Visitor: 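Below is the structure I would like to discuss, written out as structure tokens.
Note that ligands are numbered from 1 as they come in the structure, with each ligand's atoms numbered from 1 the same way. Only heavy atoms go into these numbers, but all of them, side chains included; no hydrogens, no water, no symmetry mates. In this chain, numbering begins with 1 at the start of the sequence shown. Computed from a predicted model, the values in this text were never measured in an experiment.
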Amino acid sequence: MNSQGRISPGTAAEERSCPWLNIWVFLIFVLPIKAALVTICLVALLDGSYGPYKTLLQNSTEWYCVPSSSAEKVNGWTCCPKGWRRFQGNCYFLSPDTMSWSESAQNCTGMGSQLVVITSKAEQEFLFNLIKEKVTNSYETKYYIGLAAYKNGWQWVDQTPYENTATFWKPGEPNLLFAEKCAAIHVKGKGDPNTYSNWNNVLCITSCYRICEQAVKLL
Ligand SMILES: *[C@@H]1O[C@H](CO)[C@@H](O)[C@H](O)[C@H]1NC(C)=O
Ligand SMILES: *[C@@H]1O[C@H](CO)[C@@H](O)[C@H](O)[C@H]1NC(C)=O
């Protein structure tokens, strides 16, 4: 009896502590597991409905997406790599560093883009204003575009026929064609008024900034 009497309170105490134990077990083990399950489900759901993101993310590029406008005639998202600027179905990158024309072309290609091919007055205006945002002085700042001279004349990097596109050369340019075979937009500071006449040809080894272009990604 005595021994039973000693045991009983102990047993009762254990029984009383059991609900508490359960709550702690629940909190410590079950809740995190539930949270993990919910997370896995959400990830699976998102993965299912936004498949293309996965492909985009595989390229270790961060993408910035906005809902497609009605002008783009698609439902979904219009995406540019983070830090690129969007204009009429394309994304544009203004480099922070300078290099030769062929290195510039390679750098753009390496980022899944190309040196910019300017095909409209609107695009020229957009790019000129974009450069003006960046320039900090009134010296001539040069940005390579995807236009270079070969034996058979000027050629865009994507084979867009040069004859069919509007050009925005400075008056008197291009000149010295025997030596200066690469085209760049020249901008003289934030106040430069020459929106439609600022292309010049330079030696292709000149170290210039560059503009890369790629089509927006539609998701
Ligand atoms: C990812 O990069 C590869 C190779 O650079 C390219 O072929 C592919 O189109 C890219 N995918 C996307 C979604 O940009
Ligand atoms: C291209 O240039 C940018 C800016 O300097 C740099 O971040 C990037 O790594 C370069 N990419 C390639 C493929 O050269």
Side-chain angles (χ1 to χ4, degrees), residues 50-66 77-120 122-150 154-160 162 165 167-169 174 179-190 192 194-195 198-219:
Y50 295 108
Y53 278 122
K54 216 171 132 193
T55 327
L56 290 175
L57 291 171
Q58 277 168 359
N59 285 13
S60 67
T61 305
E62 275 189 78
W63 293 80
Y64 179 76
C65 303
V66 296
W77 298 87
T78 296
C79 307
C80 281
K82 205 178 170 197
W84 292 50
R85 291 285 292 270
R86 194 168 59 90
F87 180 72
Q88 291 188 347
N90 289 299
C91 312
Y92 298 89
F93 171 77
L94 267 61
S95 76
D97 53 352
T98 64
M99 50 182 76
S100 73
W101 187 87
S102 60
E103 286 170 328
S104 297
Q106 266 177 34
N107 174 270
C108 293
T109 311
M111 296 192 293
S113 64
Q114 62 182 22
L115 273 177
V116 66
V117 173
I118 301 172
T119 55
S120 72
E123 189 177 21
Q124 164 72 17
E125 188 179 329
F126 166 77
L127 293 174
F128 185 68
N129 289 326
L130 202 54
I131 294 171
K132 283 212 285 189
E133 278 177 24
K134 296 259 178 191
V135 294
T136 51
N137 57 45
S138 56
Y139 300 120
E140 209 159 56
T141 307
K142 306 182 184 78
Y143 278 82
Y144 274 130
I145 61 176
L147 183 63
Y150 299 86
W154 289 100
Q155 289 204 346
W156 288 108
V157 288
D158 70 345
Q159 314 306 323
T160 294
Y162 175 72
T165 55
T167 57
F168 303 95
W169 296 106
E180 301 184 344
K181 295 175 184 296
C182 289
I185 293 178
H186 288 48
V187 179
K188 279 188 168 175
K190 292 195 186 298
D192 190 332
N194 301 307
T195 311
N198 48 49
W199 297 3
N200 201 345
N201 56 325
V202 300
L203 288 174
C204 297
I205 54 163
T206 311
S207 205
C208 297
Y209 296 98
R210 62 194 171 281
I211 305 170
C212 302
E213 175 184 25
Q214 62 177 299
V216 294
K217 299 245 186 283
L218 298 172
L219 297 185

Visitor: State the atoms of ligand 2, each with its element, that fall below the 4.0 Å cut-off from a heavy-atom position in G110.
Guide: 13 (C)
Visitor: Would F126 and Y92 count as a close aromatic pair, with their ring centres under 6.0 Å?
Guide: yes
Visitor: Nearest to atom 3 (C) of ligand 2 by heavy atom, N107, T98, L94: which?
Guide: N107
Visitor: For atom 7 (O) of ligand 2, decide whether some protein heavy-atom distance is shorter than 4.0 Å.
Guide: no
Visitor: Can you pull out the closest protein heavy atom to atom 5 (O) of ligand 2? Residue, atom name and distance to 0.1 Å, please.
Guide: D97 OD2, 2.8 Å
Visitor: Indicate the ring-plane relationship of Y209 and Y143, choosing parallel, tilted or perpendicular according to the 30° and 60° boundaries.
Guide: parallel
Visitor: A side-chain contact here means heavy atoms from C-beta on lying under 4.5 Å apart; do Y144 and V202 qualify?
Guide: yes
Visitor: May I ask you to decide if K132's main-chain N or O and K190's side chain share a donor-acceptor pair within less than 3.5 Å?
Guide: yes
Visitor: Within less than 4.0 angstrom of ligand 2, does R210 place any heavy atom?
Guide: yes
Visitor: If only side-chain N and O atoms count, and only distance matters, is there a donor-acceptor pair under 3.5 Å linking E180 with N200?
Guide: no
